[in-house]
Amino acid sequence: MKLEGNTLTITVDISKDYGESKSGKSITIASTEGNISIPEHEEIKIGLNIYRKK
């Protein structure tokens, strides 16, 4: 995750596989595991989950 001016860029390697979701319905590719602050702006939060169907 990188902030350039007012543009937030998120890079995710979609070839990754972190196993089943808690529900077991999908495979997790990437997650922030909750809300986190973006770089240089503690007051701005992001929550990201990337997954595919099982």
Side-chain angles (χ1 to χ4, degrees):
M1 183 167 39
K2 182 170 62 171
L3 184 64
E4 292 182 25
N6 291 323
T7 302
L8 180 66
T9 303
I10 301 168
T11 303
V12 176
D13 181 350
I14 61 169
S15 71
K16 300 293 183 184
D17 179 333
Y18 292 99
E20 289 185 2
S21 64
K22 290 180 184 177
S23 69
K25 295 179 182 178
S26 59
I27 303 297
T28 302
I29 296 170
S31 177
T32 57
E33 298 180 343
N35 296 325
I36 60 171
S37 298
I38 67 168
E40 304 171 25
H41 291 278
E42 186 68 28
E43 74 283 5
I44 301 175
K45 307 288 185 186
I46 183 171
L48 177 73
N49 291 303
I50 299 176
Y51 59 92
R52 63 178 168 82
K53 288 187 176 181
K54 187 172 171 184

Checklist entry - Residues two or more places apart in sequence or in another chain: which of them pass side chain to side chain contact (heavy atoms under 4.5 Å, CB included) with N6? => result none
Checklist outcome for this item: Residue set satisfying side chain to side chain contact (heavy atoms under 4.5 Å, CB included) with K53, at least two apart, ordered chain then number -> none
Checklist entry - Given M1 and L48, is the side-chain contact (heavy atoms from CB on, under 4.5 Å) satisfied, shown in steps? => result CA-CA 11 Å; M1 183 167 39; L48 177 73; over 6 Å; no
Next on the checklist: Could you report the tightest heavy-atom contact between N49 and S31, atom names first, then the distance?
Outcome noted: OD1-OG, 2.7 Å
Next on the checklist: Can a donor-acceptor pair be found, under 3.5 Å and without considering hydrogens, that links the side chain of T32 to the backbone of G34?
Outcome noted: yes
Side-chain donor-acceptor pairs of residues 39-46 under 3.5 Å, sequence neighbours excluded:
| unit_1 | atom_1 | unit_2 | atom_2 | d |
| --- | --- | --- | --- | --- |
| H41 | ND1 | E43 | OE2 | 3.3 |
| E42 | OE2 | S37 | OG | 3.1 |
| K45 | NZ | S37 | OG | 2.9 |
| K45 | NZ | E42 | O | 3.3 |

Checklist entry - Is there a chain of hydrophobic side chains (I, L, V, M, F, W, Y, each step under 4.5 Å between heavy atoms) that links Y51 to I10? => result no
Item to check | Value rounded to 0.5 Å, distance of OG1 in T28 from NZ in K16 | outcome: 14.5 Å
Item to check | Verify same cluster id: Y18, I27 (apolar side-chain graph, 4.5 Å) | outcome: no
Checklist outcome for this item: CZ (R52) and CD1 (I14) are apart, to the nearest 0.5 Å, by 10.5 Å
